[in-house]
Amino acid sequence: MDNVEMFESESKGRGLKATKESWAGDVIFAERAYAAVVFDNLSHCVCHCCFKRQEKLQRCGQCKFAHYCDRTCQKDSWTEHKHECAAIKKSGKAPNENTRLAARIMWRIEREGGGLAEWCLVSIDDLQNHIEKFEEEEKEGLMEDVQNFLEYWPSQNKQFGMHYISHIFGVISCNGFTLSDQRGLQAVGVGIFPNLCLVNHDCWPNCTVIFNNGKIELRSLGKINKGDELTVSYVDFLNLSEDRRKLLKKQYYFDCTCEHCTKGIKDDLLLAVKEEENKPEDSVVKELIQFSKETMEKIDKARSEGAYHQVVKLCRDCLMRQEPVFADTNIYMLRVLSIASEVLSYLQMFQEAAENARKMVDGYLKIYHPSNAQLGMAVMRAGVTHWHAGFIEIGHGMICKAYAILLVTHGPSHPIAKDLEVMRNQTEMELRMFKENEFVYHSMREAALTNKPFQVMKEPNVETPKNTFHKKPQEAK
């Protein structure tokens, strides 16, 4: 941790600042989890050690719950899994992810003590829990978590008081970091990283954080001077400033005072309408926004049910009404374009998917920070869609742009960057062929598709890791 130091201020409390100059793509620090667990619904298809998603995993022969890539992962994880294994075996089933994470934290504290670990700037005991700011429903959920923990925690282990157990669950609620799979495409787990917990939020940050090869990396998005505070964004920027502030207040219990929120920067783009002679009236815009919100609810419902052709119909109908009124950066149209391109790609309707993806990327480029990881992933998907649709020039250009962004946000060693490098080389070769003889290129492409159809893309309903920190969803009552 030579690159950073902790500071305290009245306005922000604790934070981290740089102790030396950094440039775009530099890793400021890397950190392994103090404790981490796989999500409940993915416990059978994600390795409980390295968090890689695999088709075939080996199951723990004792508890029958934990799964691993191989004997190496199982051996490496044994220190963390040993007590968990016995507890699950005794209770007959595994508790929920929050209880499992709390227990792993407690077992580590029992082994090492609750003081400052060698590589940590802050101890688990000193992390904020914000329990005093919990609403009534959250307090009820906390009490339920504590009760579940007490039922799960072995009697022969060190016994912790109710206050301390509540503190741990509060820390998890406020500071649990979302872990992604090896390619950063799906949220697969949650972990506690004490040093990362000290990095404050900014909607337009100077750093980003990614999970790579079993550890998080805090990476610089541009030049950072010695003494500058290090910041990351806790939420996706693609929201109105008022909505981001509400989300941050609800999930992380603070009022965002960053420049983009206080000045409403980019809000005009996110709500923009067509600037023509016949500019739409305010009443028309208001009605269309309400229609868009209602349609999104229908889209989400159809999507959750796997009714993808219904999703496409809803998207087409909505876009038909939006496009004459909304500008290309309007958030309500961008949300529909994103879903439409994703679902159409899954249904292998690549040309229509590519058209929607191009419009989406055009809007994103005007809104997101130029080195935003979400932007890079979106441009990558759009490039692959254009490639599949046969638009090799646009596809190659987008893949190159995505590669440049992800080199900064993820680094060249990240699996998704390696995948992109392969795609960049492949599309570059195809583009040369296309420019030499367009007819021959398309003929060879059609022949290749006839002999080897495109692999069906994954269903577009997985949870992608858009927010930095994981918040346990409230159960419907």
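- Between Cys197 atom SG and Ile192 atom CD1 the span is 5.5 Å, to the nearest 0.5 Å.
- A perpendicular orientation is assigned to the rings of His414 and His410, their planes being inclined by more than 60° (bins at 30° and 60°).
- Side chains of Gln322 and Asn330: a donor-acceptor N/O pair is absent below 3.5 angstrom, by distance only.
- Within a 6.0 Å radius of CD in Glu281, other residues, nucleotides and ligands contribute 12 heavy atoms or fewer.
- When atom types are taken as modelled, the side chain of His309 and the backbone of Leu347 share no donor-acceptor pair closer than 3.5 angstrom.
- More than 12 heavy atoms of other residues, nucleotides or ligands lie within 6.0 Å of CG in Asp268, so this atom counts as buried by the packing criterion.
- Without hydrogens or angle criteria, Glu97 side chain to Asp40 main chain gives a donor-acceptor distance under 3.5 Å.
- Atom CD of Glu135 is surrounded by 12 or fewer heavy atoms from other residues, nucleotides or ligands within 6.0 Å.
- Other residues, nucleotides and ligands contribute at most 12 non-hydrogen atoms within 6.0 Å of the NZ atom of Lys286.
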Discussion item. Applying side-chain hydrogen bond (donor to acceptor under 3.5 Å, both in side chains) to Trp387 and Gln426, what does each step give before you reach the verdict?
Written reply: CA-CA 10 Å; Trp387 184 17; Gln426 176 66 25; over 6 Å; no
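- Around CD of Glu287, the count of heavy atoms belonging to other residues, nucleotides or ligands within 6.0 Å does not exceed 12.
- Between His260 and Trp204, the ring planes are parallel. Angles under 30° get that label, and only those over 60° would be called perpendicular.
- Rounded to the nearest 0.5 angstrom, Tyr332 OH and Cys318 SG are separated by 11.5 Å.
- Ion pairing of Glu352 with Arg316 is present here, as a side-chain N (NZ or NE/NH1/NH2) and a carboxylate O approach within less than 4.0 Å.
- The aromatic rings of Phe211 and Phe51 sit perpendicular to each other, their planes meeting at more than 60°, with 30° as the lower class boundary.
- Between Asp126 and Arg14 there is no salt bridge, since none of the side-chain N atoms of the basic residue sits less than 4.0 Å from a carboxylate O of the acidic one.
- The pair Lys298-Glu294 fails the salt-bridge criterion, with no side-chain N (NZ, NE, NH1 or NH2) lying under 4.0 Å from an Asp/Glu carboxylate O.
- In this structure a side-chain-to-backbone donor-acceptor pair under 3.5 Å is present from Asn206 to Thr231.
- Looking at every heavy atom in both residues, Leu314 comes nearest to Ala302 through CD1-CB, 4.5 Å.
- Listed by chain and residue number, Glu242 satisfy the salt bridge (charged side-chain N to carboxylate O under 4.0 Å, His left out) test with Lys246 (two or more places apart in sequence, or in another chain).
- Salt bridge status for Arg381 with Glu342: absent, with no side-chain N to carboxylate O gap under 4.0 Å.
- Between Asp317 and Arg321 there is no salt bridge, since no side-chain N of the basic residue sits under 4.0 Å from a carboxylate O of the acidic one.
- For Thr262 and Thr257, the side-chain atoms include no donor-acceptor pair closer than 3.5 Å.
- Using a 4.0 Å cut-off between charged nitrogen and carboxylate oxygen, Lys52 and Asp181 do not count as a salt-bridge pair.
- Remark: Leu431 CG to Tyr441 OH distance equals 8.5 Å, nearest 0.5 Å.
- For Thr19 (side chain) and Asn3 (main-chain N/O), a donor-acceptor pair under 3.5 Å exists by modelled atom type.
- Residues Arg53 and Gln186 bring a donor and an acceptor atom of their side chains to less than 3.5 Å of each other.
- A salt bridge does not link Asp236 to Arg244: none of the charged side-chain nitrogens sits closer than 4.0 Å to a carboxylate oxygen.
- Within a 6.0 Å radius of NZ in Lys313, no more than 12 heavy atoms belonging to other residues, nucleotides or ligands are found.
- Among pairs with a residue in residues 190-199, none fulfils side chain to side chain donor-acceptor pair (under 3.5 Å), at least two apart in sequence or across chains.
- Here the straight-line distance linking atom SG of Cys73 with atom NE2 of His48 works out to 11.5 Å at 0.5 Å rounding.
- Listed here is the closest heavy atom pair of Ser371 and Leu221: O-CD2, 3.3 Å.
- Here the shortest heavy-atom pairing between Asn225 and Ala18 reads O-CB, 3.8 Å.
- The number of heavy-atom neighbours closer than 6.0 Å to NZ of Lys215, taken from other residues, nucleotides and ligands shown, is above 12.
- Annotation: the span from Asp202 atom CG to Cys256 atom SG amounts to 6.5 Å, rounded to 0.5 Å.
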Practice prompt. Begin with the C-alpha distance, continue with both residues' side-chain angles, and end with the deciding distance and a verdict on salt bridge (Lys or Arg N to Asp or Glu O under 4.0 Å) for Asp362 and Arg358.
Written response: CA-CA 6 Å; Asp362 287 346; Arg358 179 186 55 76; 3.5 Å; yes
Item to complete: List the steps and the verdict of salt bridge (Lys or Arg N to Asp or Glu O under 4.0 Å) for Glu436 and Arg432.
Response: CA-CA 6 Å; Glu436 288 172 4; Arg432 283 199 302 267; 5.7 Å; no
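- Looking only at distances, no side-chain donor or acceptor of Arg219 sits under 3.5 Å from a matching main-chain atom of Ile210.
- Taking the centre of each ring, His130 and Tyr252 stay at or above the 6.0 Å mark.
- The two residues Ala102 and Phe169 come nearest to each other via the heavy atoms CB-CZ, 3.7 Å.
- Ring geometry for Phe350 against His388 counts as perpendicular: the plane angle is over 60°, on a 0 to 90° scale with 30° as the lower cut.
- Aromatic ring pairs are classed by plane angle as parallel below 30°, tilted from 30° to 60° and perpendicular above 60°; the pair Phe434 and His442 is perpendicular.
- When every heavy atom of His386 is checked against every heavy atom of Ala357, the shortest pair comes out as CE1-CB, 4.4 Å.
- Residue Asn212 comes nearest to Glu217 through the heavy atom pair ND2-OE2, 3.5 Å, listed as atom of the first residue, atom of the second, then distance.
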Worksheet entry | Test salt bridge (Lys or Arg N to Asp or Glu O under 4.0 Å) applied to Glu297 and Lys301, step by step | CA-CA 6 Å; Glu297 291 179 3; Lys301 183 175 184 296; over 6 Å; no
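- Atom OG of residue Ser22 and atom CG of residue Asp228 lie 9.5 Å apart, to the nearest 0.5 angstrom.
- Using modelled atom types and a 3.5 Å distance limit, the side chains of Ser241 and Asp267 yield a donor-acceptor pair.
- Under a cut-off of 6.0 angstrom, the local environment of NZ in Lys293 is sparse, with at most 12 non-hydrogen atoms contributed by other residues, nucleotides or ligands.
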Item to complete: Kindly indicate, with the supporting measurements, whether the criterion side chain to side chain contact (heavy atoms under 4.5 Å, CB included) is fulfilled by Ser220 and Trp23.
Response: CA-CA 6 Å; Ser220 172; Trp23 298 88; 5.9 Å; no
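- A donor-acceptor contact shorter than 3.5 Å links the side chain of Ser341 to the backbone of Leu337.
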Item to complete: Evaluate side-chain hydrogen bond (donor to acceptor under 3.5 Å, both in side chains) for Asn175 paired with Gln128, printing each intermediate quantity in order.
Response: CA-CA 8 Å; Asn175 298 286; Gln128 292 183 326; over 6 Å; no
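- A distance below 6.0 Å separates the ring centres of Tyr308 and Tyr346.
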Listing, residues 389-403 side-chain donor-acceptor contacts under 3.5 Å, not counting sequence neighbours, or none:
residue : atom : partner : partner atom : Å
His396  : ND1  : Thr427  : OG1          : 2.7
His396  : ND1  : Glu428  : N            : 3.4

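- Between Lys359 and Glu355 a salt bridge is recorded (basic side-chain N to carboxylate O distance below 4.0 Å).
- Of the possible donor and acceptor atoms, one in the side chain of Arg100 sits under 3.5 Å from a partner among the backbone N and O of Val38.
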